[in-house]
K.L.:
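Take this structure, written in structure tokens, and hold onto it; I'll ask about it next.
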Amino acid sequence: KVSVEWNNRILVAGVSGTGKSWLGIYILSQYILQNKRKYYVFLSDNRSDYDKYNHNPQMRPKNLGFKLVEFGSEQANKKWNFAEILRRNNRLYIETGDLSSEEVQNLVDDLSQAFWQLGNGFFVIDEAWAFLNMRYPPKSYERLARGGRKNSVDVMAITQRVVDIYPDILSQYNLIVSFRLAELNDKMRISRYFEDFREVKPDKIIGTLKQGEYIIKDTEQGWQERESTFNI
């Protein structure tokens with residue numbers, strides 16, 4: 001049960017190959033097809049999902065009007081006005097390269113400030129553990145996740161690792177999706193959001209989910225379900 005609503009702060013977690021990136025791209029495509037927001041950024045450390053051959057053409061960022069931007073150390077040394085860039089190109093797929101942790105932090109903060117300025121946006125971060133790391137927490141992103149609803153800005157983080165995300169950022173997400181996780185700390189951390197499923201502990205379920213299976217929880221409305229991407 002994944003519906004595109006307003007005021008989403010979405011966390012999608014799972015090990016590689018379980019379906020988390022597919023679901024994230026699907027949600028992004030539904031935002032665009034339903035014209036939910038005006039400005040979009042998909043931030044990633046690779047371009048594998050930009051035009052992935054086994055993804056439906058209707059949900060590939062390349063076919064959804066996203067402009068591919070390479071952002072490495074050379075670009076990090078320059079001053080960027082992302083608000084103005086988004087006004088000209090309102091869908092950006094940013095692939096990062098050889099950035100230091102501080103440069104990653106600055107990039108996420110600069111993009112967050114642009115969304116705060118523009119409003120009406122959807123900011124998606126893939127491999128979020130690398131961009132929202134607790135050692136270099138982007139404070140402007142934390143403010144955006146906490147208060148972006150006032151400016152009609154939604155956020156989504158897609159990650160293999162949960163415990164590496166800065167805790168004050170992690171606590172802001174209100175729609176939690178967990179595919180299979182292998183690391184004990186990750187399973188225990190995300191299990192805090194869920195209640196038992198028919199007397200089975202959520203960490204037990206998370207560790208045994210098959211490809212495409214996930215559990216989902218809306219922390220504000222209280223419902224939770226067990227679902228599969230094959231049902232979408």
K.L.:
Do M188 and F194 share a hydrophobic cluster, counting only Ile, Leu, Val, Met, Phe, Trp and Tyr and linking them when any side-chain heavy atoms are less than 4.5 Å apart?
P.N.:
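No, M188 and F194 fall in different hydrophobic clusters.
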
K.L.:
May I have the step-by-step check of salt bridge (Lys or Arg N to Asp or Glu O under 4.0 Å) for R189 and E183, ending in yes or no?
P.N.:
CA-CA 10 Å; R189 180 62 183 86; E183 292 293 330; over 6 Å; no

K.L.:
The criterion is side chain to side chain contact (heavy atoms under 4.5 Å, CB included); which residues satisfy it with Q117, sequence neighbours excluded?
P.N.:
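Residues passing side chain to side chain contact (heavy atoms under 4.5 Å, CB included) with Q117: A83, R87.
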
K.L.:
Would you give the length of the straight line joining atom OG of S100 to atom CD of Q105, rounded to the nearest 0.5 angstrom?
P.N.:
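Going from OG on S100 over to CD on Q105, the span is 9.5 Å.
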
K.L.:
Let me have the donor-acceptor pairs involving side chains of residues 195-208, under 3.5 Å, with sequence neighbours excluded, atom names and distances please.
P.N.:
residue : atom : partner : partner atom : Å
T208    : OG1  : K204    : O            : 3.2
T208    : OG1  : I205    : O            : 3.2

K.L.:
Between V104 and Y136, is the side chain to side chain contact (heavy atoms under 4.5 Å, CB included) condition met? List the steps.
P.N.:
CA-CA 9 Å; V104 168; Y136 292 88; over 6 Å; no

K.L.:
Between E142 and R146, does any side-chain N to carboxylate O distance fall below 4.0 Å?
P.N.:
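The answer is yes: the pair qualifies as a salt bridge.
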
K.L.:
L170 and Y193: which non-hydrogen atoms are nearest, and at how many Å?
P.N.:
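Between these two residues, the closest heavy atoms are O-OH, 2.9 Å.
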
K.L.:
Below 4.0 angstrom, N of the basic side chain to O of the carboxylate: do R37 and D154 qualify?
P.N.:
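Result for this pair is yes, salt bridge flagged.
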
K.L.:
Just wondering, do I27 and I10 contact through their side chains at under 4.5 Å, heavy atoms?
P.N.:
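The answer is yes; the side chains approach within 4.5 Å.
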
K.L.:
Would you list the pairs meeting ring pair (Phe, Tyr, Trp, His ring centres under 6.0 Å) in which at least one residue belongs to residues 143-164, sequence neighbours left out?
P.N.:
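Output for this query is empty, none listed.
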
K.L.:
Using every non-hydrogen atom in the two residues, find where P57 and N63 come nearest and quote the distance to one decimal.
P.N.:
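It is O-ND2, 3.1 Å.
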
K.L.:
Give, for atom OG of S140 and atom CG of D110, the distance between the pair rounded to the nearest 0.5 Å.
P.N.:
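CG of D110 is found 8.0 Å from OG of S140.
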
K.L.:
Please determine whether residues I25 and F230 belong to a single hydrophobic cluster, defined as Ile, Leu, Val, Met, Phe, Trp and Tyr linked transitively by side-chain heavy-atom distances below 4.5 Å.
P.N.:
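Cluster IDs for I25 and F230 differ.
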
K.L.:
So which heavy atom on D98 is nearest to which on G72, and how close?
P.N.:
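That closest heavy-atom pairing would be OD1-CA, 3.6 Å.
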
K.L.:
Should I85 and Y141 be counted in the same cluster of Ile, Leu, Val, Met, Phe, Trp and Tyr side chains packed under 4.5 Å apart?
P.N.:
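I85 clusters together with Y141.
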
K.L.:
Quick one: pull up CG in L86 and CG in N120 and give me the separation to the nearest 0.5 Å.
P.N.:
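L86 CG to N120 CG: 11.5 Å, rounded to 0.5 Å.
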
K.L.:
Does the side chain to side chain contact (heavy atoms under 4.5 Å, CB included) test come out yes or no for R91 and K38, once each step is laid out?
P.N.:
CA-CA 8 Å; R91 300 175 190 174; K38 182 176 182 179; over 6 Å; no

K.L.:
Given F42, which partner from the list F122, F123, Y93 fulfils the ring-ring contact (aromatic ring centres under 6.0 Å, His included) test?
P.N.:
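Among F122, F123, Y93, the one that satisfies the ring-ring contact (aromatic ring centres under 6.0 Å, His included) with F42 is Y93.
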
K.L.:
For D164, give me all partners under side-chain hydrogen bond (donor to acceptor under 3.5 Å, both in side chains), at least two apart in sequence or on another chain.
P.N.:
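Checked D164 against side-chain hydrogen bond (donor to acceptor under 3.5 Å, both in side chains); matches are R161.
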
K.L.:
If every non-hydrogen atom of S73 is compared with every non-hydrogen atom of L99, which pair is closest and at what distance?
P.N.:
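The pair with the smallest heavy-atom distance is N-CD2, 3.7 Å.
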
K.L.:
Determine whether L43 and V124 make a side-chain contact, defined as any pair of heavy atoms from C-beta on separated by less than 4.5 Å.
P.N.:
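No. Closest side-chain heavy atoms not under 4.5 Å.
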
K.L.:
Is there a donor in the side chain of E213 and an acceptor in the side chain of S228, or the other way round, less than 3.5 Å apart?
P.N.:
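Side chains of E213 and S228: no pair found under 3.5 Å.
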
K.L.:
Just jot down the side chain to side chain contact (heavy atoms under 4.5 Å, CB included) partners of S29, sequence neighbours excluded, or say none.
P.N.:
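Side chain to side chain contact (heavy atoms under 4.5 Å, CB included) list for S29, sorted by chain: Y26, M59, L64.
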
K.L.:
Mind checking whether T159 and I165 have side chains closer than 4.5 Å, heavy atoms only?
P.N.:
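Heavy-atom side-chain distance check passes, below 4.5 Å.
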
K.L.:
Run the side chain to side chain contact (heavy atoms under 4.5 Å, CB included) test against N185 and tell me which residues pass, sequence neighbours left out.
P.N.:
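By the side chain to side chain contact (heavy atoms under 4.5 Å, CB included) rule, N185 matches V163.
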
K.L.:
Taking only residues two or more places apart in sequence, or in another chain, which ones meet F71 in a ring-ring contact (aromatic ring centres under 6.0 Å, His included)?
P.N.:
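Once residues adjacent in sequence are excluded, the partners of F71 under the ring-ring contact (aromatic ring centres under 6.0 Å, His included) criterion are W80.
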
K.L.:
A quick test of your reading: do over 12 heavy atoms of other residues, nucleotides or ligands sit less than 6.0 Å from CD of Q58?
P.N.:
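No - once you tally the heavy atoms of other residues, nucleotides and ligands closer than 6.0 Å, there are 12 at most.
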
K.L.:
Does the pair I125 and I158 meet the rule for a side chain to side chain contact (heavy atoms under 4.5 Å, CB included), with working shown?
P.N.:
CA-CA 6 Å; I125 301 181; I158 308 167; over 6 Å; no

K.L.:
Which heavy atom in I190 sits nearest to a heavy atom in S178, and how many Å separate them?
P.N.:
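Closest pair (atom of I190, atom of S178, distance): CD1-CB, 3.8 Å.
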
K.L.:
What distance do L175 atom CG and I216 atom CD1 have between them, rounded to the nearest 0.5 Å?
P.N.:
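Here the rounded value is 4.5 Å.
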
K.L.:
Just jot down the salt bridge (charged side-chain N to carboxylate O under 4.0 Å, His left out) partners of K67, sequence neighbours excluded, or say none.
P.N.:
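In terms of salt bridge (charged side-chain N to carboxylate O under 4.0 Å, His left out), with neighbours along the sequence ignored, K67 is linked to no residue.
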
K.L.:
Would you say that I176 contacts D218 through its side chain, given a criterion of any heavy-atom pair below 4.5 Å between the two side chains?
P.N.:
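No, every pair of side-chain atoms sits at 4.5 Å or beyond.
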
K.L.:
When the side chains of residues 45-55 are checked against the rest of the protein, which donor-acceptor pairs come out under 3.5 Å, sequence neighbours left out?
P.N.:
residue : atom : partner : partner atom : Å
N46     : OD1  : S48     : N            : 2.8
N46     : OD1  : S48     : OG           : 2.5
R47     : NE   : E95     : OE1          : 3.0
R47     : NH2  : E70     : OE2          : 2.3
R47     : NH2  : E95     : OE1          : 2.9
Y50     : OH   : F66     : O            : 2.9
D51     : OD1  : R60     : NH1          : 3.4

K.L.:
About how many Å separate CD1 of I215 and OG of S191, when rounded to the nearest 0.5 Å?
P.N.:
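The distance works out to 6.5 Å.
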
K.L.:
With a 3.5 Å cut-off and sequence neighbours excluded, list the donor-acceptor pairs that the side chains of residues 126-134 form with protein atoms.
P.N.:
residue : atom : partner : partner atom : Å
E127    : OE1  : W129    : NE1          : 2.9
E127    : OE2  : Q160    : NE2          : 3.3
N133    : OD1  : R135    : N            : 2.9
N133    : ND2  : W129    : O            : 3.3

K.L.:
Rounded to the nearest 0.5 Å, what separation is found between the CD atom of Q172 and the CG atom of L144?
P.N.:
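That separation rounds to 10.5 Å.
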
K.L.:
Among residues two or more places apart or on two chains, list those pairs meeting ring pair (Phe, Tyr, Trp, His ring centres under 6.0 Å) that have a residue in residues 143-183.
P.N.:
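For residues 143-183, and leaving out neighbouring residues, the ring pair (Phe, Tyr, Trp, His ring centres under 6.0 Å) pairs sorted by first residue read F179-Y214.
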
K.L.:
Looking only at non-hydrogen atoms, find the nearest pair between Y40 and K36 and report the distance.
P.N.:
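Looking at all heavy atoms of both residues, the closest pair is OH-N, 4.0 Å.
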
K.L.:
What residues, two or more places apart in sequence or in another chain, satisfy side chain to side chain contact (heavy atoms under 4.5 Å, CB included) together with R180?
P.N.:
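Residues passing side chain to side chain contact (heavy atoms under 4.5 Å, CB included) with R180: V15, T18, L209.
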
